[in-house]
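Below is one structure, written out as structure tokens; comments come after it.
Below, read A as the first sequence line, B as the second, and so on, with proteins coming before strands; counting in each chain starts at 1. Both backbone and side-chain heavy atoms feed into the values below; hydrogens, waters and symmetry mates do not. What you are looking at is a predicted structure, and each value in this text was computed from that prediction instead of being measured.
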Number of protein chains: 2
Amino acid sequence: MARNRALPRLAGYPLAMAARDLQEQIKKLIVDRRLPSGAPLPTEPELMEHLGASRNSVREALKALQAMGIVEIRHGFGTYVGSMSFAPMIEGLAFRTVAGHYRGEDSLLRLLELREAVETGLVSRLAGRLPEADLVELDALVDRMEQEAAQGAGLAETDRAFHATLYRGLDNVLLSEVLEAFWDAFHRVQRDLVDVPQDPRVTCRQHREILDAVRSGDVLRAEEAIRDHFGNIRTRLSG
Amino acid sequence: MARNRALPRLAGYPLAMAARDLQEQIKKLIVDRRLPSGAPLPTEPELMEHLGASRNSVREALKALQAMGIVEIRHGFGTYVGSMSFAPMIEGLAFRTVAGHYRGEDSLLRLLELREAVETGLVSRLAGRLPEADLVELDALVDRMEQEAAQGAGLAETDRAFHATLYRGLDNVLLSEVLEAFWDAFHRVQRDLVDVPQDPRVTCRQHREILDAVRSGDVLRAEEAIRDHFGNIRTRLSG
DNA sequence: AAGAGTCAGCTGCTCTAACCAACTGAGCTA
DNA sequence: TAGCTCAGTTGGTTAGAGCAGCTGACTCTT
């Protein structure tokens with residue numbers, strides 16, 4: 001029983017532009033118009049007309065792009081080109097780790113090992129090459145860390161700043177963002193899942209040692225210092 | 001002109017569960033049920049009931065999760081827990097690079113520098129520590145590369161395999177995936193944007209040198225070999 | 001009885017149409 | 001002039017209908 005109906009579509013338009021294609025079209029629009037981060041995108045009705053799709057399909061495409069950090073949607077305001085940060089990657093990595101953890105895998109440990117492998121490799125490129133200004137800043141951060149340790153406060157944010165400042169010396173924003181993404185994912189999962197109490201004084205001493213080693217220019221010592229630091233975290237995870 | 005209407009909602013339910021929360025609910029469902037990759041998720045109608053949301057909202061949440069690689073949707077078949085690979089990260093990184101490129105930034109170069117920084121650091125951990133089996137495999141890959149070079153064929157796939165096999169020795173699947181993601185993103189963008197012709201013989205020689213250096217256990221030589229390799233690519237980009 | 005074709009029914013996909021909710025800015029009010 | 005209100009914009013959510021891919025059981029043929 002054929003239930004044919006006249007197609008309510010304009011001739012010349014593709015019948016159904018798959019959602020995947022819609023995403024591509026919107027990305028193409030951003031690239032073609034050279035839109036920078038924060039630039040406004042067409043409104044939903046405009047996109048409907050431009051892409052020849054229904055509101056629903058347009059919105060699904062936008063949602064997917066939002067999940068990838070490519071667009072940013074603000075209710076009642078408009079849609080904008082996203083910051084293209086690594087926030088989505090952090091999200092994905094964190095979930096992957098959490099899911100693995102609950103299935104009995106050592107996913108958190110492996111994430112830590114990823115950080116250790118990368119940072120150990122990178123610190124050797126830094127040893128003896130960090131500008132004095134950065135070293136001073138790192139000094140201040142370790143001081144603050146010791147202060148926080150004395151007060152029994154958490155060191156997380158300062159730890160994050162220390163690592164960020166350290167690898168800023170590599171002079172590659174992309175690399176810094178990736179490292180911060182790994183840090184964020186790890187700490188988010190650690191906080192949600194295990195949250196093992198740490199001895200802040202040990203952590204402080206290890207950061208001081210990393211800094212001293214980098215300042216001295218001794219590559220092997222710097223690598224060893226990083227390895228010690230991660231070894232400490234690893235012990236806490238297993239314990 | 002107030003156009004009030006009785007709310008068609010069950011009491012006790014939140015009026016509007018934002019799409020963001022819907023995503024969290026679905027992720028929670030995966031974690032709570034310990035669903036592994038490939039496990040089937042509830043159908044759309046089931047999710048509608050379970051989450052108390054409309055079809056549309058459920059679908060938008062699923063689309064976002066699909067973009068993050070957390071779920072996989074198969075038309076006419078069902079929805080499944082995704083592979084949680086880094087495919088979404090590759091997508092995001094590639095787009096970010098393409099968009100930056102068209103806005104006049106050296107985004108592709110910075111992506112290459114990211115790879116160089118990470119791989120240079122990692123290769124020093126490998127030098128002299130690779131099992132003989134891996135070294136043999138790498139030999140075969142360079143051989144194949146030379147063969148392809150002689151035939152004037154592309155070396156891309158073999159290059160990918162070389163790097164993948166090399167860092168497999170670090171024995172961290174997560175790390176390997178990240179490196180491959182960087183490789184994929186870089187080559188995808190390079191292919192789409194510049195596609196500079198290369199001298200395959202130089203590339204072969206450099207891979208041979210990397211392999212020899214790693215086999216010899218000379219850390220500095222290995223780092224230098226990697227740097228040379230990336231320097232070659234960098235020259236092609238600028239030229 | 002064995003094979004091939006058909007069809008009912010699942011699944012997700014797309015469309016339309018209406019209303020809800022957040023935000024802005026012009027214009028009114030005090 | 002300062003503050004409020006309200007109309008109009010934008011995205012958010014719901015509803016219901018029909019489209020499209022896939023599976024498996026049923027039937028018809030051989």
task: In whole angstrom, give the distance that lies between atom CG of L47(B) and atom P of dT11(C).
output: 11 Å
task: Send over the distance from K63(A) NZ to dC13(C) C1', rounded to a whole Å.
output: 18 Å
- line: Among dG12(C), dG11(D), dT14(D), the one nearest any side-chain atom of E44(B) is dG12(C)
message: Tell me whether the side-chain N/O atoms of R74(B) come closer than 4.0 Å to OP1 or OP2 in dG12(C).
response: no
statement: Considering only heavy side-chain atoms of F77(B), the closest of dT23(D), dG21(D), dG11(D) is dT23(D)
Atom-to-atom span, CG of L41(B) to P of dG12(C) - whole angstrom: 10 Å
message: Do the side chains of D184(A) and R188(A) get close enough for a salt bridge, i.e. N-O under 4.0 angstrom?
response: no
- line: Checking dC15(C), dG11(D), dT13(D) against the side chain of N56(A) (C-beta onward), the nearest is dC15(C)
query: Does the pair E113(A)/R110(A) count as a salt bridge with the N-to-O cut at 4.0 Å?
result: no
- line: Taking dG12(D), dC15(C), dT14(C) as options, the one with an atom nearest any side-chain atom of E60(A) is dT14(C)
statement: Atom CD of E46(A) and atom P of dT9(D) are separated, to the nearest Å, by 12 Å
message: Pairs counted only when both distances fall under 3.5 Å, Watson-Crick or G-U: show me the 5' to 3' dot-bracket for DNA chain D, [ ] for pseudoknotted crossings and | for other-strand partners.
response: ||||||||||||||||||||||||||||||
- prompt: With nearest nucleotides of DNA chain C determined for G76(A) and V58(A) from heavy-atom distances, which residue corresponds to the more 5′ nucleotide?
  reply: V58(A)
Check: E119(A)/H229(A) side-chain N/O donor and acceptor closer than 3.5 Å: no
query: Do you know the tightest heavy-atom contact between L35(B) and R103(A)?
result: O-NH1, 3.3 Å
field: Distance test, side-chain N/O of S57(A) to OP1/OP2 of dC13(C), below 4.0 Å
entry: no
task: Would you kindly give the CZ-to-C1' distance between R59(A) and dA17(C), to the nearest whole Å?
output: 15 Å
statement: Side-chain contact check for R55(B): nearest option of dG11(D), dT14(D), dG12(C) is dG12(C)
- request: Among dA21(C), dT14(D), dG12(C), find the nucleotide with the atom closest to the side chain of H75(A).
  value: dA21(C)
- prompt: Charged N to carboxylate O below 4.0 Å: is that the case for E180(B) and R168(B)?
  reply: no
message: Measuring from the side chain of T43(A) (C-beta onward, heavy atoms only), which nucleotide among dC13(C), dC15(C), dT10(D) has the closest atom?
response: dT10(D)
- request: Can you see which heavy atom on K63(A) is nearest to which on A64(B), and at what distance?
  value: O-CB, 4.0 Å
task: Please report, rounded to the nearest Å, how far the P atom of dG11(D) is from the CD1 atom of I26(A).
output: 12 Å
message: Given the ring of F230(A), does R115(A) sit roughly above its face, with NZ or CZ under 6.0 Å from the centre of the six-membered ring and within 45° of the axis?
response: no
- request: Can you figure out which of dT13(D), dG11(D), dG12(C) approaches the side chain of T79(A) most closely?
  value: dG11(D)
query: Is the W183(B) ring parallel, tilted or perpendicular to the H187(B) ring (thresholds 30°, 60°)?
result: parallel
message: What is the separation between atom CD1 on I73(A) and atom C1' on dA22(C), rounded to the nearest whole Å?
response: 14 Å
- request: Measure from CD on E72(B) to P on dC13(C) and round the result to the nearest Å.
  value: 12 Å
